[in-house]
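What follows is a short report on a single structure.
If you read the sequence from its start, that first residue is 1, and numbering goes on from there. Everything numeric in this text was worked out from a predicted model, so none of it was measured.
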Amino acid sequence: MFDGLTMKDNQDRAAGKSDSGVKDSRRDRLKLALRENLKRRKSQARGRSDGGASSENADDSLDDASGEKP
């Protein structure tokens with residue numbers, strides 16, 4: 001009549017289906033977060049490489065006419 005299944009077995013099956021959906025959405029969120037983090041880090045690295053050249057020029061502007069630093 002019940003094929004040996006209990007109510008708990010049915011709940012476990014339903015939970016298994018929703019768990020895979022939860023895992024997929026979590027995986028998608030993590031992939032998106034990693035992608036955004038990588039973009040941000042690349043942007044920061046570009047900013048540092050551009051900013052590094054300008055800071056060297058800023059140090060040169062501190063030199064007086066004799067070429068000695070203060």
Rounding to 0.5 Å, atoms CG (Leu32) and CG (Asp28) come to a distance of 8.5 Å
Looking at Arg40, I'd like to know if its CZ atom is crowded, meaning that more than 12 non-hydrogen atoms belonging to other residues, nucleotides or ligands lie closer than 6.0 Å. yes
Can you tell me how far the CZ atom of Arg48 sits from the CZ atom of Arg41, to the nearest 0.5 Å? 8.5 Å
Arg35 CZ to Leu30 CG distance, which is reported to the nearest 0.5 Å: 11.5 Å
